[in-house]
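Before any comments, here is the structure.
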Amino acid sequence: MTERETWATRAGFILAAVGSAVGLGNIWQFPFKTAEFGGASFLIVYIVAALGIGLPAILAEFVIGRKANLNTISAFEKLGYKEWRVVGAIGLFTGFWILSYYSVVGGWVLRYIGGSLTGAYFAAPAEYFGQVSAGMDALALHAVFMALVVGIVAAGIEDGIEKATKLMVPSIVVILGALAVFAFTLPGASAGYAYFLSPDFNALSENFAEIVPFAVGQAFFSLSLGMGAMITYASYIDGDQSLFGDGITIVFLNSFVGILAGLVVLPLLFAQGIDPNTSGAGAVFISVAGAFGDIPGGQIVGLVFFAVVLIAALSSAISLLEVVVSWAIDNYDVSRPQMAVGLGGVIFLLGVPSAIDTAWLGWFDTLAYQLLLPLSVLGILVFAAWVYGAPAIDELMKGSGLGEGVGLTWLWLARTLVIVAVVATLALGLQTLFLGESPAIIPPL
Ligand code: PHE
């Protein structure tokens, strides 16, 4: 077996992790939910959740990955806890499952890039979405998206993922920034800022019981936790950089991109007098797309917007394929490109029902979001904080230059508050699953 790869630079790891974190969740969920749940006052709740709960959880994944330098399943065995491999297996399965339908959505985005150029969706955005989101076209574009993901992952850690995300993540920030400036110039945009960010403590306090778990769940999903991605990416770190510093940078950049996306989509919708009372797929593919029909240069603006959505989706998707590819090449004597193609093919097949019928997509998403993700995060936290414990603190503090107090704070937060928050999310998820409420990232269309 050849030597295991590593990231060429620390920035390479951080950008790859940010690429995984910044995805559809930031663009089509975060801005709309922020507006709905109290604007700036929700942002405070979200940032507290991301730093107080998301950060300790992402650090737990980093510790496991870097200490073991192995894929998300074998890592547990390497650390001396063979039975805990089941936790890694749940994460790996979750990533596999999510990628199957995420790729279908990636295919829709590809379609919309072409549709922007020709103006195909301008006249009747809802009908257009209905036509392209299911059936043979969706299937073909799901294949194209998956092929792009396979291409990047097949090229390897340093030459594939690191090089790609080094280009992709800055592009996301620059393009969204430019679009935000453009949206600012549209007449009527200011109502969008008011809707997005004005603090509404009433909305916050009235729905507190719904908002807090949402903020926690969103922080987990948005930071790509519970899918094996962060364990896998951290396993390619070669060196004693501060995991703590990396974690804070990633949490910060991820929230920043969510806010930036809000500064694009909400002013754009308000300038066109479109009511953004929806989130999820409908918001981006119908409402925002509808706005492009009426603004000057809408074809180009639409193209650029969907291009940035594509980049965000791709840089997330590669992190999920890498989870399984990493496991396969750590354990079997096969080449990375062969495995990327083979496993990409299997994931493509798993996504076929979602491509043919969006009802399947909703079902896949609900199961992942409400059950698999929180279960996997819970297993990782219990392992890192309660089972592994003291060596985890050592690994976390390595190269950080911080005092022991920080490590202990992490351990106790992870042991208590964070686990309670995950259990609550899981309980709510199960309730949603069995009482049949709407799924998470892809609400009913
Ligand atoms: N963090 C991603 C997002 O916000 C979640 C994700 C990662 C989804 C990887 C799929 C693949 O979209």
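Owing to the predicted nature of the structure, the values given are computational and were not obtained by experimental measurement. Just follow the structure's listing: the first ligand is 1, and inside any ligand the first atom is 1.
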Exercise. Kindly confirm or rule out an N or O of L320 lying under 3.5 angstrom from an N or O of ligand 1.
Key: no
Quiz item: Going by the atom numbers of ligand 1, which of them fall below 4.0 Å from some non-hydrogen atom of S20?
Solution: 1 (N), 2 (C), 7 (C)
Quiz prompt | Where ligand 1 meets G23 - atom numbers and elements under 4.0 angstrom, heavy-atom basis | solution = 3 (C), 4 (O), 12 (O)
Quiz item: Taking only heavy atoms of S222, which atoms of ligand 1 are found under 4.0 Å from at least one of them?
Solution: 1 (N), 4 (O)
Self-check item: Side-chain donor-acceptor pair present, Q29, S222, cut-off under 3.5 Å
Solution: no
Quiz prompt | Passing option when F214 is tested against F37, F32, F220 for ring pair (Phe, Tyr, Trp, His ring centres under 6.0 Å) | solution = F37
Quiz item: Can you check whether N69's main-chain N or O pairs, donor with acceptor, with S235's side chain at less than 3.5 Å?
Solution: no
Quiz item: Between F383 and Y388, is the ring centre distance below 6.0 Å?
Solution: yes
Exercise. If you have a sec, work out which protein heavy atom is nearest atom 7 (C) of ligand 1 and how many Å separate them, to one decimal?
Key: S224 OG, 3.4 Å
Self-check item: Ionic contact status for E158 with K166, cut-off 4.0 Å
Solution: no
Exercise. Assert yes or no for the condition that the ring centre distance of W97 to Y102 is strictly below 6.0 Å.
Key: no
Practice problem: Please report which non-hydrogen protein atom sits nearest to atom 6 (C) of ligand 1, along with the residue it belongs to and the distance in Å to one decimal place. | Solution: M227 CE, 3.9 Å
Practice problem: Say whether L24, considering both its backbone and side-chain N or O atoms, lies within less than 3.5 Å of an N or O atom on ligand 1. | Solution: yes
Quiz item: Have Y233 and S224 got a donor and an acceptor in their side chains that come within less than 3.5 Å?
Solution: no
Quiz item: How close does the nearest protein non-hydrogen atom get to atom 8 (C) of ligand 1, and which residue and atom is it?
Solution: Y102 CE1, 3.3 Å
Practice problem: Taking atom types as modelled, find out whether Y236 and E322 have a side-chain donor-acceptor pair closer than 3.5 angstrom. | Solution: yes
Quiz prompt | Shortest heavy-atom approach to atom 4 (O) of ligand 1 - which of A21, S319, S316 | solution = A21
Quiz item: Among protein heavy atoms, which sits nearest to atom 5 (C) of ligand 1, and what does the distance come to when rounded to 0.1 Å?
Solution: F221 O, 3.4 Å
Quiz item: Is the closest N or O pair between G25 and ligand 1 shorter than 3.5 Å?
Solution: yes
